[in-house]
Amino acid sequence: MTDTAAVEILADVHRGVGRIHLNRPRALNALTTEMVVAIDRVLAGWEHTPLSAVVLASTSSKAFCAGGDIRTIREQSLAGDAEASERFFASEYRLNARIAEYPWPVVSLIDGLCMGGGLGLSVHGGFRVVTERAVLAMPETGIGFFPDVGASYFLPRLPGAIGMYLGLTGHRLDAADALYTGLATHFVPADGLAAVADALADKPGDPVDVVLNRLAGPSPVARSALAEVRGHVDRAFGAPTLGEIEKRLRRLDSKWAAGALAALESASPQSLEITHALLARGRQRTLRECLGAELALTRTTIRTPDFLEGVRAALVDKDRTPAWRQASLGGGARPA
């Protein structure tokens with residue numbers, strides 16, 4: 001572990017509970033290769049240590065984890081350093097698989113932003129706690145990439161066509177939406193998060209679910225906004241093709257449909273095509289198969305003009321006006 005990684009990942013075992021804190025607040029905990037490797041090594045070291053739970057959290061209230069350090073991946077692509085990018089994605093996906101298969105309960109405390117790689121850290125664990133400040137999303141089609149970190153496994157397994165909707169549009173979920181979809185399992189108010197690890201340590205024989213339910217405050221909002229449009233989501237995004245999704249959205253002629261259309265029209269057409277095909281296949285694949293397919297796709301996608309342009313527009317120049325290679329849907333790269 002490098003000195004930098006040791007500072008950006010804080011880990012200890014306290015009263016039988018493993019604690020890992022992401023500590024790169026100025027970058028909203030965007031994951032570097034060193035951070036991913038450090039977390040993986042910590043978890044590997046704890047596998048044979050009897051623990052009541054492992055808690056993943058952030059030292060910042062602004063973000064649990066805003067994703068992978070995609071800006072660095074773009075720089076590596078421009079420099080022709082494919083090996084460095086491969087190392088990042090391979091390390092990240094190996095960590096995702098470890099969390100999914102971990103022998104001890106993994107509890108993620110999601111306060112603030114949780115996007116892309118942040119969902120990869122949290123959703124594969126058994127317990128995902130959100131606060132009233134939580135914001136979850138897979139926004140990759142907006143930067144010329146595709147939902148990865150096992151998203152081709154977990155998105156197709158959400159109810160109805162919700163996963164396809166989230167993957168294609170990058171729609172942001174609040175705490176109520178996250179609980180409704182199942183991406184989150186529990187709600188704890190932000191001012192109660194600090195008590196989670198101690199509560200788990202105090203009752204090591206109690207099921208984690210029971211301990212977390214004791215800490216739950218009032219529901220974050222009365223009802224999920226996504227639940228209100230669930231019928232329309234399933235109708236439109238359950239269509240077999242991107243073209244048919246677009247047609248169904250236009251026929252719906254509602255404020256929600258117009259917003260979904262606008263999201264699709266601003267995304268990379270190449271990314272939409274890759275994502276639609278990837279998610280359609282994901283339902284019949286295991287997590288490790290999904291991660292393997294995603295890793296293969298990263299090798300080509302990060303060298304495409306849309307990825308380089310999308311990251312430039314979103315994270316480098318921040319003008320939010322990417323010039324995609326294709327003007328509209330049709331054609332483009334497809335996953336294996």
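Listed for the Arg71 side chain is a donor-acceptor partner under 3.5 Å among the backbone atoms of Leu315. Distance alone, capped at 3.5 Å, places no donor-acceptor pair between the Trp104 side chain and the Pro50 backbone. Here the side chain of Arg74 pairs a donor or acceptor atom with the backbone of Leu308 at under 3.5 angstrom. A distance-only check finds no donor-acceptor pair linking the side chain of Asp12 to the backbone of His14 [under 3.5 Å]. Asp174 places a side-chain N or O within 3.5 Å of a backbone atom of Ala176 that can act as its donor or acceptor partner. Judged by distance alone, the side chain of Thr185 and the main-chain N or O of Arg128 form a donor-acceptor pair under 3.5 Å. Panel note: side chain Thr141, backbone Leu168; a donor-acceptor pair is recorded below 3.5 Å. Here the side chain of Glu309 pairs a donor or acceptor atom with the backbone of Ala323 at under 3.5 angstrom. Checked by atom type and distance alone, the side chain of Trp324 pairs as donor or acceptor with a backbone atom of Ser266 at under 3.5 Å. In this structure, Asn96 contributes its side chain and Gly120 its backbone to a donor-acceptor pair below 3.5 Å.
Between Arg248 and Arg235, the closest side-chain pair of non-hydrogen atoms falls below 4.5 Å. Considering only heavy atoms from C-beta on, His276 comes within 4.5 Å of Ile245 through its side chain. Using a 4.5 Å heavy-atom threshold, the side chains of Phe64 and Leu28 count as separate. Using a 4.5 Å heavy-atom cutoff, the side chains of Leu183 and Leu166 are in contact. Looking only at side-chain heavy atoms (C-beta outward), Val196 and Leu200 come within less than 4.5 Å of each other. Val188 places none of its side-chain heavy atoms less than 4.5 Å from the side chain of Leu109. The shortest side-chain heavy-atom distance between Leu22 and Glu8 does not fall under the 4.5 Å cut-off. Side-chain contact between Leu113 and Lys62: absent, with no pair of heavy atoms (C-beta onward) separated by less than 4.5 Å.
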The test is side-chain contact (heavy atoms from CB on, under 4.5 Å); show your working for Val135 and Met115 and say whether it passes. CA-CA 8 Å; Val135 178; Met115 299 186 177; 4.3 Å; yes
What's the verdict on side-chain contact (heavy atoms from CB on, under 4.5 Å) for Tyr165 and Asp234, showing C-alpha distance, side-chain angles and the deciding distance? CA-CA 9 Å; Tyr165 169 56; Asp234 288 353; over 6 Å; no
Verdict with supporting geometry, Tyr180 and Leu173, side-chain contact (heavy atoms from CB on, under 4.5 Å): CA-CA 10 Å; Tyr180 172 71; Leu173 306 173; over 6 Å; no
Please walk me through it: do Arg312 and Glu75 pass salt bridge (charged side-chain N to carboxylate O under 4.0 Å, His left out)? CA-CA 10 Å; Arg312 178 207 64 76; Glu75 291 170 358; over 6 Å; no
Intermediate values then yes/no, side chain to side chain donor-acceptor pair (under 3.5 Å), Ser224 and Asp177: CA-CA 5 Å; Ser224 157; Asp177 289 335; 2.5 Å; yes
Stepwise salt bridge (charged side-chain N to carboxylate O under 4.0 Å, His left out) test for Arg15 and Asp198: CA-CA 8 Å; Arg15 298 170 59 210; Asp198 281 339; 3.5 Å; yes
Could you walk me through whether Glu92 and Val149 pass the side-chain contact (heavy atoms from CB on, under 4.5 Å) check? CA-CA 7 Å; Glu92 186 180 28; Val149 295; 3.3 Å; yes
One pair to check against salt bridge (charged side-chain N to carboxylate O under 4.0 Å, His left out): Glu244 and Arg251. What are the steps and the verdict? CA-CA 11 Å; Glu244 184 61 25; Arg251 285 200 295 267; 3.4 Å; yes
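Within a 6.0 Å radius of CZ in Arg172, other residues, nucleotides and ligands contribute 12 heavy atoms or fewer. Atom CZ of Arg133 has more than 12 heavy atoms from other residues, nucleotides or ligands within 6.0 Å.
Transitive grouping of hydrophobic side chains (ILVMFWY, heavy atoms separated by less than 4.5 Å) keeps Leu212 and Ile99 in distinct clusters. Hydrophobic cluster membership differs between Phe127 and Phe187, with clusters built from Ile, Leu, Val, Met, Phe, Trp and Tyr side chains linked at under 4.5 angstrom. Taken together through direct or relayed side-chain contacts under 4.5 Å among Ile, Leu, Val, Met, Phe, Trp and Tyr, Leu78 and Ile302 form part of one hydrophobic cluster. No continuous path of ILVMFWY side-chain contacts below 4.5 Å connects Leu10 to Val107, so the two sit in separate hydrophobic clusters. Linking Ile, Leu, Val, Met, Phe, Trp and Tyr whenever their side-chain heavy atoms come within less than 4.5 Å leaves Tyr102 and Val211 in two separate clusters.
Thr301 and Gly144 get closest at one heavy-atom pair: CG2-O, 3.7 Å. Of all non-hydrogen atoms in Pro105 and Val208, the two that sit nearest each other are CB-CG2, 3.9 Å. Arg283 and Arg157 make their closest contact through O-NH2, 3.0 Å (heavy atoms, listed as atom of the first residue, atom of the second, distance). Here the shortest heavy-atom pairing between His124 and Phe154 reads CE1-CD2, 3.8 Å. Nearest heavy-atom pair across Thr32 and Arg24 is CG2-NH1, 3.4 Å. The two residues Phe237 and Thr169 come nearest to each other via the heavy atoms CZ-CG2, 3.8 Å.
One finds no salt bridge joining Arg41 and Glu34 here, because no Lys/Arg side-chain nitrogen approaches an Asp/Glu carboxylate oxygen to under 4.0 Å. A salt bridge links Arg288 to Glu101: one of the charged nitrogens lies within less than 4.0 Å of a carboxylate oxygen. The residues Arg325 and Asp306 are annotated as not salt-bridged, no charged nitrogen and carboxylate oxygen being separated by less than 4.0 angstrom. Between Asp206 and Arg214, at least one side-chain nitrogen of the basic residue sits less than 4.0 Å from a carboxylate oxygen of the acidic one, meeting the salt-bridge criterion.
A donor-acceptor contact closer than 3.5 angstrom is absent between the side chains of Ser271 and Glu140. Checking Thr59 against Asn23 by side-chain atom types alone, a donor-acceptor pair falls below 3.5 Å. Side-chain atoms of Tyr93 and Asp148 include a donor-acceptor pair closer than 3.5 Å.
Within the model, atoms CG of Asp69 and CE of Met35 stand 9.0 Å from one another, a figure rounded to the nearest 0.5 Å. Within the model, atoms SG of Cys290 and CZ of Arg285 stand 6.0 Å from one another, a figure rounded to the nearest 0.5 Å. Atom CG of Asp319 sits about 3.5 Å away from atom OG1 of Thr321, to the nearest 0.5 Å. Between the CD1 atom of Ile39 and the NE2 atom of His21 there is a distance of 12.0 Å, given to the nearest 0.5 Å. The CG atom of Leu95 lies 9.0 Å from the OG atom of Ser91; values are rounded to the nearest 0.5 Å. Between Ser58 atom OG and Ile20 atom CD1 the span is 13.0 Å, to the nearest 0.5 Å.
Proximity of the aromatic rings of Phe145 and Phe89 is defined here by a centroid distance below 6.0 angstrom, and this criterion is met.
Considering Ile70, Leu121, Ile9, Thr72 in turn, Leu121 is the only one that fulfils the side-chain contact (heavy atoms from CB on, under 4.5 Å) rule with Leu31.
Cation-pi check for Arg303 over Phe307 is not met; the charged atom does not lie both under 6.0 angstrom from the ring centroid and within 45 degrees of its normal.
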